[in-house]
Amino acid sequence: RALSWLTARLAQGWLLLAGQPALVEGQRVLLGDNGVAVAGGCSGAVQLIQVGIVTLILLLAFPLQRWRHRLAMLLLPPLLALLCNSARVALLAWLTLLPPAPQRFWFAFSHEDTGSLLIGGVAMTLTVLLHLALVERELRPLEAELGGL
């Protein structure tokens, strides 16, 4: 329930950034008379679990030496997952403003079809890119040290 509320609030933030006057009532994101409810399955819990597992695998397979980098890998991927999922919820809320025919198509695509998987993929990709960037930062001093040999 708390995760659904947080997702709704973040979606509201995305919509406000896009110039859409969005309101949140409980777990509902409203754009005038239209909007969406952030049910348990749409809260982002699945994305949080996915990036958590990927983060764990990355940290075990390619350990980070600096505590700041390990901390970043524990804090940032869940935030990325929440931001990605809330952007999806904001998009779904915005889609309710479209005429019925395109609305049904795009809503189904973004909610039930490939579109929902794409958002999880984006969160995963950002998590992997973050880890790669941190590994690269840790390898730079080693490269400089070995370059002097």
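Numbers here simply count residues along the sequence, with the first being 1. Every value quoted in this text rests on a predicted model; they were computed, and no experiment measured them.
Heavy-atom neighbours of Arg28 CZ from other residues, nucleotides or ligands within 6.0 Å: at or below the threshold of 12.
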Donor-acceptor contacts under 3.5 Å from residues 56-72 side chains, at least two apart:
unit_1, atom_1, unit_2, atom_2, d
His69, ND1, Glu138, OE2, 2.9
Arg70, NH1, Leu64, O, 3.0
Arg70, NH1, Gln65, O, 2.8

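The side-chain hydrogen bond (donor to acceptor under 3.5 Å, both in side chains) test applied to Ser43 returns no partner, not counting sequence neighbours. Among residues two or more places apart in sequence or in another chain, the side-chain contact (heavy atoms from CB on, under 4.5 Å) test is passed with Gln27 by Arg1, Ser4. Residues forming a ring pair (Phe, Tyr, Trp, His ring centres under 6.0 Å) with Trp106 (at least two apart in sequence, or on another chain): Phe109. Judged as a side-chain hydrogen bond (donor to acceptor under 3.5 Å, both in side chains), and not counting sequence neighbours, Trp94 has no contacts.
The two residues Val51 and Ala81 make their nearest non-hydrogen contact at CG2-CB, 3.8 Å. Taking every heavy atom of both residues into account, Cys84 and Val122 meet most closely at SG-CG1, 3.8 Å. The minimum heavy-atom distance linking Val24 with Ala8 is given by the pair CG2-O, 3.5 Å. Nearest heavy atom pair, residue Pro77 against residue Thr127, reads CB-OG1, 3.6 Å. Contact between Ser86 and Thr7 at its shortest, heavy atoms only, is CB-O, 3.8 Å. Here the shortest heavy-atom pairing between Ala11 and Val89 reads CB-CG1, 3.8 Å.
Side chain of Trp14 to main chain of Leu83: a donor-acceptor pair is present (N/O by atom type, distance under 3.5 Å, no hydrogens or angles).
Distance check: Asp33 CG to Leu97 CG gives 10.0 Å after rounding to the nearest 0.5 Å.
Clustering ILVMFWY residues whenever any of their side-chain heavy atoms sit less than 4.5 angstrom apart, transitively, puts Val54 in the very cluster that holds Leu74.
Looking at Leu80 and Gln47, their side chains never come closer than 4.5 Å, going by heavy atoms from C-beta outward. The closest side-chain heavy-atom distance from Leu126 to Leu130 is not below 4.5 Å. Val135 is listed as a side-chain neighbour of His131, based on a closest heavy-atom distance under 4.5 Å. With a 4.5 Å cut-off on side-chain heavy atoms, Leu23 and Val29 do not count as touching.
In this structure, Ile119 shares a hydrophobic cluster with no other residue, the cluster being traced through Ile, Leu, Val, Met, Phe, Trp and Tyr side chains under 4.5 angstrom apart.
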Go through it in stages, so that I can follow the logic: the residues are Val128 and Met124, the test is side-chain contact (heavy atoms from CB on, under 4.5 Å), and I'd like the CA-CA distance, side-chain angles, deciding distance and then a yes or no. CA-CA 6 Å; Val128 171; Met124 299 287 198; 5.5 Å; no

Could you walk me through whether Leu3 and Leu48 satisfy the side-chain contact (heavy atoms from CB on, under 4.5 Å) test, starting with their C-alpha distance in whole Å, then the side-chain angles of each, then the deciding distance to 0.1 Å, before giving a yes or no? CA-CA 10 Å; Leu3 187 55; Leu48 285 171; 3.8 Å; yes

